[in-house]
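Below is one structure, written out as structure tokens; the observations come after it.
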Amino acid sequence: MNYRLASIDKDYFADQRDERYSVIGSVVQRSDAFGHVTGRTEFFEDQAPARMLHVKMHRSQRHHARIRGIDVSAAEAVPGVVRALTHADIPNNLYTPLKLIGIGPDDEPILAEGTVRYLGEPVCAVVAETEAAAYDAAARVAVSYEDLPAVFDVEEALAPGAPVVNEYHGHNYFTYEGHHCRRLRFGDVDRALATADHVFEWRYQSSPIEQAPAETTGCIVVPQPDGRLRIHSDTQACFFTLDNTALILNTPPGKLRIVGGTVGGGFGGKVDVAVEPVACVAAMATGRPVKYVYNRYEEMQVSSPRAAERIYIKDAVMNDGRITGRQIRFYADAGAYSRHSPYAITKSAAHMPGPYTIPNVWADCHCVFTNRTPSSAMRGFGVTILDFALESQMDRIARALGADPLQLRLINAYRDGDVKAHRKVAEGTALVEVIQKAAEIVGHELPEDFRRMSSASREGA
Amino acid sequence: MASQVIALVVNDEEREFIAKPGTSLLSGLRDSLGLTAAKRGCAQGGCGACTVLVDGKAVLSCLLAVETINGATVRTLEGVAADGQLDEVQSAFLDGFATQCGFCTPGMIMAAEALLDRNPDPGEDEVAEAISGNHCRCTGYRPIMNAIVDAARRRREARAAAGAPARVSEEVA
């Protein structure tokens with residue numbers, strides 16, 4: 001088999017160090033592959049502790065409602081049911097995962113308390129001797145609701161009079177240092193728009209995207225003789241899960257041990273603290289091993305997807321292709337709870353206005369709460385959809401000007417020494433060279449002056 | 001209905017266990033026999049992670065009630081390298097970087113084994129068809145397809161070197 005080996009192109013980067021690498025350029029077998037091809041790799045669900053119980057969840061059947069009452073009597077009457085758990089059984093029921101890095105407020109219950117804010121929100125967990133009994137009983141939990149108005153659109157959620165999704169925030173946006181959004185202000189965009197040869201504005205909208213890992217989210221918790229809990233989990237974030245679970249259980253982190261690192265596909269979908277707290281409470285309440293694993297429906301419907309994003313980009317463009325101003329209104333649908341979205345929107349703001357030097361930039365980046373499934377991490381979240389919008393915008397501008405899309409990018413590409421919209425000096429840029437090389441590979445002819453451009457200087461741009 | 005004793009020949013060993021009516025072959029393998037290579041990805045026949053061979057044919061073990069195949073011969077990934085020596089499919093997956101998270105790998109390899117048993121020289125279309133019921137969310141399938149084609153070549157060459165016929169199991173073709 002032929003491998004294309006990474007190397008540094010000395011035509012462009014003559015001052016890079018010589019390639020005397022011992023690993024780069026050689027074929028190194030993955031350390032886990034032998035286990036994979038022999039079936040010996042141990043995933044969490046390959047554990048089979050004796051006397052293991054099963055947890056299944058009764059989930060909200062409403063988008064937004066007040067809970068009038070939860071009746072577990074029919075569920076507890078199912079043969080094999082050991083007990084039912086509600087919010088009252090969770091030591092610290094209210095949490096938010098990013099509190100570990102100082103982000104707040106706590107805005108999400110482990111099990112719904114008084115209100116449900118999205119369809120599928122966990123309300124009542126049933127612990128039973130068999131998976132079948134747990135399913136049967138979870139379906140028999142009776143919850144009475146008083147419906148509340150719901151909102152599903154980011155701009156409707158920010159409009160005056162919209163129903164408040166999450167009262168821990170008091171409004172339908174996450175607050176960034178006292179502001180209603182994450183803001184980026186650089187130069188004078190209004191003046192750039194007023195003095196431009198052209199103004200182009202387009203709207204971009206994405207849907208939520210489910211990570212859909214082959215292995216669903218889950219864990220097996222095994223109480224130890226010394227009182228500790230051993231958690232076999234497929235989390236992508238062992239220590240993050242451990243610390244958050246300890247806070248939720250109101251227990252020292254040393255009382256928990258996570259056995260993990262073998263993840264049957266994650267793609268960001270297994271970064272949330274989804275199953276471990278309830279499984280731990282069930283294990284502590286019964287003194288027995290407990291398994292709580294999502295079925296495929298839960299993985300698709302309830303586990304947090306990539307946020308849906310709506311992006312408006314308005315550009316001031318000159319006849320020669322220079323973009324002199326860029327105004328962005330960015331809305332990410334966090335769903336009903338923060339999870340990791342506040343961080344994602346900061347990333348979005350940091351990524352604007354793309355790898356281009358634009359002297360005037362204005363962006364408002366909103367982290368919006370709606371009555372949708374909470375969104376969270378997924379491969380490059382906060383950036384991937386934004387890049388789709390930014391690069392689509394570049395193509396559309398080129399088309400509108402009758403310009404070559406690569407030449408338009410080369411004119412505007414950031415160079416070493418440029419000051420970006422966040423007041424950071426760009427260094428180590430290579431966009432110009434990458435575009436030149438890509439054009440060469442696909443046989444896209446560039447004029448001589450564009451082939452001579454360099455990331456090292458603005459000359460010729 | 002009462003539970004019944006199920007007798008299977010699994011990876012060349014006679015195995016027995018007691019199963020409630022409706023118990024899936026996957027549950028029998030994993031929960032009763034401790035053979036955990038086959039995975040539960042969706043439990044609804046959609047992902048192929050539970051693929052094993054029953055009487056030489058690739059099946060979705062999560063959908064097969066075990067009482068309907070009493071007496072059958074079953075092969076799982078644990079039985080493929082039972083002597084500690086990787087076979088051609090396994091070694092081609094290893095060398096071709098056809099695994100990432102590894103969760104789909106047992107099902108992929110068993111689907112490939114079933115294909116190569118009936119067709120020692122499959123084209124790309126036939127490889128794609130053979131794994132069309134097996135989801136992989138990591139690799140994008142290309143390394144897996146390459147590995148299966150590579151495995152077929154390795155097996156043909158090994159058999160030619162040993163003077164054995166290329167086709168060994170006509171009955172399942």
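Remember, it's a predicted structure, so these values are computed and weren't measured experimentally. Because only heavy atoms are used, hydrogens play no part in the values below, and waters and symmetry mates are left out as well, while side chains stay in. Naming convention: chains lettered A, B, ... in sequence-line order (proteins, then strands); numbering from 1 in each chain.
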Taking B:Q44's backbone N and O only, do any of them form a donor-acceptor pair with A:R296's side chain (distance below 3.5 Å, no angle check)?
no
To the nearest 0.5 Å, atom SG of B:C104 lies from atom CD of A:E215 at 12.0 Å
In terms of heavy-atom pairs under 4.5 Å with chain B, the winner among A:A212, A:P213, A:A33, A:A48 is A:A212
- prompt: Under 3.5 Å, is there a donor-acceptor pair between the side chain of B:R30 and the main chain of A:E45?
  reply: yes
Applying a strict 4.5 Å limit to non-hydrogen atoms, the region of A:F34 in contact with chain B is both
Taking atom CD of A:Q29 as the centre, does the number of heavy atoms from other residues, nucleotides or ligands within less than 6.0 Å exceed 12?
yes
- Counting only heavy atoms not in A:R379, do more than 12 fall under 6.0 Å of its CZ? no
CG of B:L77 to NE2 of A:H36, rounded to nearest 0.5 Å, is 12.0 Å
Heaviest contributor of heavy-atom pairs below 4.5 Å to chain A, chosen from B:D31, B:T105, B:V80, is B:T105
Taking atom CD of A:Q224 as the centre, report whether more than 12 heavy atoms of other residues, nucleotides or ligands fall under 6.0 Å from it. yes
Of B:G102, B:P106, B:G46, B:A37, the largest count of non-hydrogen pairs under 4.5 angstrom with chain A goes to B:G102
(Q) Are more than 12 heavy atoms, taken from residues, nucleotides or ligands other than B:I18, located less than 6.0 Å from that residue's CD1 atom? (A) no
Correct closest heavy-atom pair for B:C101 and A:G264 would be SG-C, 3.4 Å
B:E129 atom CD, over 12 foreign heavy atoms within 6.0 Å: no
Taken to the nearest 0.5 Å, the spacing of A:R40 CZ from B:E78 CD works out to 9.5 Å
Bottom line for A:D32: the part with an atom under 4.5 Å from chain B's heavy atoms is side chain
B:R137 side-chain N/O to A:Q211 backbone N/O, donor-acceptor pair under 3.5 Å:
yes
Please indicate whether B:D83 has more than 12 foreign heavy atoms, meaning atoms of other residues, nucleotides or ligands, lying under 6.0 Å from its CG.
-> yes
So, the part of B:Q90 with a heavy atom under 4.5 Å from chain A: the answer is both
Given the rule in the side chain to side chain contact (heavy atoms under 4.5 Å, CB included) test, do A:V27 and B:F97 qualify, once you have shown the distances and angles that lead to the verdict?
CA-CA 10 Å; A:V27 175; B:F97 292 89; 3.8 Å; yes
Turns out that what part of B:C42 lies under 4.5 Å from chain A's heavy atoms comes down to both
- prompt: Between A:V293 and B:R40, is any pair of side-chain heavy atoms under 4.5 Å apart?
  reply: yes
Of all heavy-atom pairs linking A:T41 and B:K39, the shortest is O-NZ, 4.1 Å
| said: Let's go through A:E42 and B:T36 carefully: what are the C-alpha distance in whole Å and the side-chain angles of both, what is the deciding distance for side chain to side chain contact (heavy atoms under 4.5 Å, CB included) to 0.1 Å, and is it a yes or a no? | reply: CA-CA 8 Å; A:E42 265 193 26; B:T36 56; over 6 Å; no
So, the part of B:L94 with a heavy atom under 4.5 Å from chain A: the answer is both
Under 4.5 Å to a heavy atom of chain A? For B:L35 that would be neither
Chain A shares the most heavy-atom pairs under 4.5 Å, among B:D87, B:V89, B:L86, with B:L86
Under 4.5 Å to a heavy atom of chain B? For A:T38 that would be both
